[in-house]
Undergrad: 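Below is one structure. I have some questions about it.
Quick note on labels: first sequence line is chain A, next is B, and so on, each numbered from 1.
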Number of protein chains: 2
Amino acid sequence: MSQAAQKHDVFQAIADPTRREVLRLLSENEMPISKISTHFPMSRTAIVKHLHVLTEAKLVSGRKEGREKIYHLLPEPLEEVQQWLSYYEKFWSNKLSILKYVVENEEEDK
Amino acid sequence: MSQAAQKHDVFQAIADPTRREVLRLLSENEMPISKISTHFPMSRTAIVKHLHVLTEAKLVSGRKEGREKIYHLLPEPLEEVQQWLSYYEKFWSNKLSILKYVVENEEEDK
DNA sequence: TTGACTTGAAACCAAAAGGTGTTATATTAT
DNA sequence: ATAATATAACACCTTTTGGTTTCAAGTCAA
């Protein structure tokens, strides 16, 4: 309670297909809101709301440039999802998860 | 439209912390609804609803045994999440994703 | 058969999600 | 200065979510 509980975490942020598509778009190129909007059948206002959710989850960030606000991807929070997933990998891909474990421990030597 | 659009996909299913905790519980042991409920501060009915969402996403399945309904984990749908994530791995862990690529292609030789 | 236990299903509720449209403000080009 | 553009901020609406309580029905043990 000392810090306002963040309303949207990364799991909620990626739950919506539109937001996942926004992330994919921004993974190719940063772009202003208006350009993002052209890729979707909904209003620009709706896209702005999705961008707010993504911003809260720290998956995107926007800077103002002239009269445009240009958004770009911040992929880091997805690591939390990957970590959560890694626990379940053992159920379907033993070989891969063991190898991953080895590699990740190697990284510590850097 | 030929097939009723499934209301809850795996991304939505894992968006809720309670449901993620249910998955973790079931990853240790299958168990009846009543036992699952004891781990949460909410009513049994609320848990049943979460189990319905998880069932729709094919992340769990329940069989009836006497008067109990015993649920167990079905981890397969999480692969979809992992596949989605793998696209973004390149942004934070190049070495790992390259290695993964190699391993996955090796698998094809089996 | 009675009683305890577990689930299932319904009705209800408040709040959040996901949209809409309107209006206001800042920026740029003419 | 004016007009066009891009975003921001609201107010509003409908559906979904996440919870509750209540009641009915199936199962088991005594």
Side-chain angles (χ1 to χ4, degrees), chain A residues 1 4-26 29-73 77, chain B residues 1 4-26 29-73 77:
Chain A
M1 277 229 224
Q6 166 185 344
K7 207 153 124 206
H8 292 107
D9 67 0
V10 63
F11 287 95
Q12 271 188 275
I14 66 172
D16 185 272
T18 300
R19 286 195 289 268
R20 288 200 298 279
E21 184 63 15
V22 169
L23 292 179
R24 200 198 55 76
L25 268 178
L26 295 180
N29 264 306
E30 60 177 20
M31 59 181 84
I33 299 176
S34 51
K35 187 167 176 192
I36 298 174
S37 299
T38 64
H39 290 82
F40 298 90
M42 66 193 72
S43 71
R44 184 189 49 77
T45 313
I47 295 297
V48 169
K49 285 195 185 180
H50 284 303
L51 284 169
H52 285 337
V53 174
L54 290 169
T55 302
E56 255 192 291
K58 301 203 195 313
L59 278 166
V60 304
S61 178
R63 69 173 187 283
K64 223 174 156 185
E65 202 157 284
R67 61 184 155 186
E68 293 186 328
K69 186 156 185 185
I70 301 180
Y71 276 89
H72 63 273
L73 180 70
Chain B
M1 279 230 226
Q6 165 187 346
K7 207 152 123 207
H8 291 106
D9 66 359
V10 64
F11 287 95
Q12 271 189 276
I14 66 172
D16 185 273
T18 300
R19 287 195 288 268
R20 288 200 299 278
E21 184 64 13
V22 169
L23 291 179
R24 199 198 56 76
L25 268 179
L26 295 181
N29 264 308
E30 60 176 22
M31 59 181 82
I33 298 176
S34 52
K35 187 167 177 193
I36 298 174
S37 299
T38 64
H39 290 81
F40 298 90
M42 66 195 71
S43 72
R44 180 190 52 77
T45 313
I47 295 297
V48 169
K49 286 194 184 180
H50 284 303
L51 285 169
H52 284 338
V53 174
L54 290 170
T55 301
E56 254 192 290
K58 302 201 193 313
L59 279 165
V60 303
S61 177
R63 68 173 186 284
K64 224 174 156 185
E65 203 158 282
R67 61 183 155 187
E68 293 185 329
K69 187 156 185 185
I70 301 181
Y71 275 89
H72 63 273
L73 180 70

Undergrad: Calculate, to the nearest 0.5 Å, the distance between atoms CG and OG belonging to A/L51 and A/S37 respectively.
TA: 8.0 Å
Undergrad: Would you say D/dT17 has OP1 or OP2 under 4.0 Å from some side-chain N or O of B/H8?
TA: yes
Undergrad: When you measure from the side chain of A/H72 to the backbone N and O of A/S61, does any donor-acceptor pair fall under 3.5 Å?
TA: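 Judged by distance alone, yes, a pair lies under 3.5 Å.
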Undergrad: Measure CD/A/E68 against C1'/D/dA8 and give the value in whole Å, please.
TA: 15 Å
Undergrad: With the side chain counted from C-beta on, respond yes when A/L25 and A/H39 share a heavy-atom pair under 4.5 Å apart, and no when they do not.
TA: yes
Undergrad: What is the distance, rounded to the nearest whole Å, between atom NZ of A/K69 and atom C1' of D/dA9?
TA: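 To the nearest whole Å, that distance equals 12 Å.
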Undergrad: Can you measure A/L51 atom CG to C/dG19 atom P for me and round it to whole angstrom units?
TA: 12 Å
Undergrad: Of all of residues 38-46 of chain B, which get a heavy atom below 4.0 angstrom from DNA chain C, listed by number?
TA: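 B/R44, B/T45, in order of number.
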Undergrad: Any side-chain heavy-atom pair from A/L26 and A/L54 closer than 4.5 angstrom?
TA: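 No. Closest side-chain heavy atoms not under 4.5 Å.
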Undergrad: Drop me the distance from B/T18's OG1 to B/E21's CD, to the nearest 0.5 angstrom.
TA: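 Separation between the atoms: 8.5 Å.
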Undergrad: NZ of A/K35 versus P of D/dT5: gap in Å, rounded?
TA: 18 Å
Undergrad: Can you tell me if the side-chain N/O atoms of B/K49 get under 4.0 Å from OP1 or OP2 in D/dT17?
TA: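 So the side chain of B/K49 is outside the cut-off, no N or O lying under 4.0 Å from OP1 or OP2 of D/dT17.
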Undergrad: Respond yes when some side-chain nitrogen or oxygen of A/H50 is under 4.0 Å from OP1 or OP2 of C/dA17, and no when none is.
TA: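 For C/dA17, neither OP1 nor OP2 has a side-chain N or O of A/H50 closer than 4.0 Å.
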Undergrad: For DNA chain D, what residues of residues 12-24 of chain B have any heavy atom nearer than 4.0 Å?
TA: B/Q12, B/D16, B/R19
Undergrad: What is the separation between atom CZ on A/R63 and atom C1' on D/dA6, rounded to the nearest whole Å?
TA: 15 Å
Undergrad: Between B/E68 and B/K35, is any pair of side-chain heavy atoms under 4.5 Å apart?
TA: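 They are not in side-chain contact.
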Undergrad: Report, one pair per line, the protein and nucleotides 25-30 of chain C atoms (nitrogen or oxygen only) whose separation is under 3.5 Å.
TA:
{"unit_1": "C/dT27", "atom_1": "O2", "unit_2": "A/R67", "atom_2": "NH1", "d": "3.3"}

Undergrad: Is it true that a side-chain atom of B/R20 and a backbone atom of B/I14 form a donor plus acceptor pair closer than 3.5 Å?
TA: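 It does hold such a pair.
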Undergrad: Check the pair A/M31 / A/Y71 against side chain to side chain contact (heavy atoms under 4.5 Å, CB included), numbers first and verdict last.
TA: CA-CA 6 Å; A/M31 59 181 84; A/Y71 276 89; over 6 Å; no
Undergrad: Given atom CZ of A/F11 and atom C1' of D/dT17, what is their separation to the nearest angstrom?
TA: 19 Å
Undergrad: Rounded to the nearest 0.5 Å, what separation is found between the CG atom of A/D9 and the CG atom of B/D16?
TA: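 Those atoms lie 9.5 Å apart.
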Undergrad: How far does CG of B/L73 sit from CG of B/L23, to the nearest 0.5 angstrom?
TA: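 Between B/L73 CG and B/L23 CG, I get 6.0 Å after rounding to 0.5 Å.
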Undergrad: Under the side chain to side chain donor-acceptor pair (under 3.5 Å) test against A/H8, which residue among A/H52, A/E56, A/R19 passes?
TA: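 The single option meeting the side chain to side chain donor-acceptor pair (under 3.5 Å) with A/H8 is A/E56.
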Undergrad: Whole angstrom is fine here: how far is it from CD1 in B/I33 over to C1' in D/dA25?
TA: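 Atom CD1 in B/I33 sits about 15 Å away from atom C1' in D/dA25.
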